[in-house]
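All values derive from a computational prediction rather than experimental measurement.
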Amino acid sequence: MNELWWLWAVFSSILMGAMIYANQIFKMPSSLMMTYRGLVQSLLLLPFFPFFEMPSTPWFWIFGTIQGLMIAYSDKKTFLGSRLYGGEIVASLKPYVIFFIFILWLVIKPVQLFEMLHEPLRSILIVLCLGIIIYSLRAICRGKVSKEAFMMLLPALLVAALVDTNNKYTTTLGASAGLPSAIFYYCWITALVSGLPNMMKFCCHRDWRLAFAPRYVAGGLTVIFCSVTSNIFKNTAMFYAANPAYVAAVMSLYPVWIIVWNCYYYRQKTAECYPRCDLKVVGLLLAAVIALILIQ
């Protein structure tokens, strides 16, 4: 399992791309999307409680609650950005937080920094791979990122980096009850905490009956499925990977999936010529991801 962290990260990236892409199609209000992604998801998970041992470590629940609040902010902004500017623009900005996650984890686990200093060549190659991945992803996403989109999404992206770092830490705390239990209760507590404030905001500003419109129900159920399955794969990858930045780097492949889906969707719906993948850059990206998996 330890060696397969990258495979779980790839699966999670596909589902993460689908979740972001869903709002480009369904165009749900971001607070409603987060209500489905959070509160409705937590309610649907309740019947499975008897099958999983509840983590007894108080810090798991504390950091899980903090995680839910951060997710409530970052995901809401991400969904809003995908609705306003398109899923590709949102995905093109995400890779920039990889280095921040990498450094933040070394601050939390300084022993890993000392280990890297003892292997300078390997460490340089890891940093080089991360840099190539970020460059390649940005080159693939040719859509111009406006200043307005950048300023709106930047705080959310920085919080998302904290989310990924805390993801690994919280899952590790809860793993004393077993990894499946840690993942299950991580999904539940973060969904509940992130969903409640968004539900209250939606009900205050919108007609609650809008939540049951067929289009939004379809979009919400799509997001719930993608969120739960993506979190299962992501948390498994986070637990086994040495640094959460490695998982974030592999998961950042999802702009490629979004561009592929865009080519199909827009060709069916409009005559618009959407940006296509540059095969050379995609090759460079895949080579850097494979090298990172082998080196780390």
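With a 4.5 Å cut-off on side-chain heavy atoms, Val247 and Asp164 do not count as touching. Trp61 has its side chain within reach of Tyr185: a pair of non-hydrogen atoms, C-beta onward, lies under 4.5 Å apart. Considering only heavy atoms from C-beta on, Thr190 stays 4.5 Å or farther from Met70 through its side chain. Contact of the Thr222 side chain with the Tyr36 side chain is not registered, since no non-hydrogen atoms from C-beta on lie closer than 4.5 Å. Side chains of Phe11 and Ile232 form no contact here, defined as non-hydrogen atoms less than 4.5 Å apart. The closest side-chain heavy-atom distance from Asn231 to Ile183 is not below 4.5 Å. Put simply, the side chain of Pro55 does not reach to within 4.5 Å of the side chain of Leu173, judged on heavy atoms. The shortest side-chain heavy-atom distance between Trp188 and Val228 does not fall under the 4.5 Å cut-off.
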Practice prompt. Mind running side chain to side chain contact (heavy atoms under 4.5 Å, CB included) on Tyr186 and Asn235 for me, showing each step along the way?
Written response: CA-CA 9 Å; Tyr186 171 91; Asn235 280 270; 3.5 Å; yes
Item to complete: Determine, step by step, whether Thr170 and Ile189 satisfy the side chain to side chain contact (heavy atoms under 4.5 Å, CB included) criterion, reporting the C-alpha distance in whole Å, the side-chain angles of both residues, the deciding distance to 0.1 Å, and the verdict.
Response: CA-CA 11 Å; Thr170 305; Ile189 186 64; over 6 Å; no
Discussion item. Before you tell me yes or no, could you show the steps for Ile71 and Val159 under side chain to side chain contact (heavy atoms under 4.5 Å, CB included), namely the whole-Å CA-CA distance, both residues' side-chain angles and the distance that decides it to 0.1 Å?
Written reply: CA-CA 8 Å; Ile71 290 172; Val159 173; over 6 Å; no
Discussion item. For a side chain to side chain contact (heavy atoms under 4.5 Å, CB included) check, start with the C-alpha distance between Thr172 and Phe60, then their side-chain angles and the critical distance, and finish with the verdict.
Written reply: CA-CA 9 Å; Thr172 303; Phe60 172 84; over 6 Å; no
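What you find for Ala182 and Ala175 is that their closest heavy atoms are CB-N, 3.7 Å. Between Ala245 and Leu130 the shortest heavy-atom distance is O-CD2, 4.4 Å. For Leu39 against Leu192, the heavy-atom pair with the smallest separation is CD1-CD1, 4.0 Å. In terms of heavy atoms, Ala249 sits closest to Leu292 at CB-CD2, 3.8 Å. Heavy atoms only, all atoms of each residue included: Ile132 and Ala288 are closest at CG2-CB, 3.6 Å. Between Ser13 and Val10, the shortest heavy-atom contact is OG-O, 2.7 Å.
In the model, Gln67 has no side-chain atom that pairs as donor or acceptor with a side-chain atom of Asn167 under 3.5 Å.
Of the candidates Ser42, Ser227, Cys226, Ser227 is the only one forming a side chain to side chain contact (heavy atoms under 4.5 Å, CB included) with Arg37.
Taken from OG1 in Thr165 to CZ in Phe100, the straight-line distance is 7.0 Å, to the nearest 0.5 Å. Between Ser74 atom OG and Leu153 atom CG the span is 11.0 Å, to the nearest 0.5 Å. In this structure, CG on Leu284 lies 9.5 Å from CD1 on Ile133, to the nearest 0.5 angstrom. Taking CD1 of Ile124 as the start and CE of Met116 as the end, the distance is 9.5 Å to the nearest 0.5 Å. To the nearest 0.5 angstrom, Ile101 atom CD1 is 11.5 Å from Asn166 atom CG. Taking CG of Leu253 as the start and CE of Met16 as the end, the distance is 12.5 Å to the nearest 0.5 Å.
In this structure, Phe52 places its CZ atom where more than 12 heavy-atom neighbours from other residues, nucleotides or ligands lie under 6.0 Å away. Heavy atoms of other residues, nucleotides or ligands lying less than 6.0 angstrom from CZ of Phe225 number 12 at most.
Panel note: side chain Lys234, backbone Met251; no donor-acceptor pair is recorded below 3.5 Å. The closest donor-acceptor contact from the side chain of Ser194 to the backbone of Ala191 lies under 3.5 Å. In this structure, the side chain of Lys168 does not engage the main chain of Pro244 through any donor-acceptor pair within 3.5 Å. For Glu53 (side chain) and Gly178 (main-chain N/O), no donor-acceptor pair under 3.5 Å exists by modelled atom type. In this structure, Ser12 contributes its side chain and Trp8 its backbone to no donor-acceptor pair below 3.5 Å.
A chain of hydrophobic side-chain contacts below 4.5 Å, direct or via other Ile, Leu, Val, Met, Phe, Trp or Tyr residues, connects Leu125 to Phe114. Note on Ile290: it does not cluster hydrophobically with Trp5, by side-chain heavy-atom contacts below 4.5 Å among ILVMFWY residues. Trp59 and Trp105 fall within the same hydrophobic cluster, where Ile, Leu, Val, Met, Phe, Trp and Tyr residues are linked whenever their side-chain heavy atoms come under 4.5 Å apart, directly or through other members. Note on Ile295 and Leu117: same hydrophobic cluster, where clusters join Ile, Leu, Val, Met, Phe, Trp and Tyr whose side-chain heavy atoms are under 4.5 Å apart, directly or indirectly. Neither Leu294 nor Ile126 shares a network with the other; the hydrophobic side chains, linked directly or stepwise wherever heavy atoms of I, L, V, M, F, W or Y lie under 4.5 Å apart, form separate groups for each.
Ring centers of Phe184 and Phe49: under 6.0 Å apart, within the cut-off.
Between Phe99 and Phe102, the two ring planes are perpendicular [angle over 60°; tilted spans 30° to 60°].
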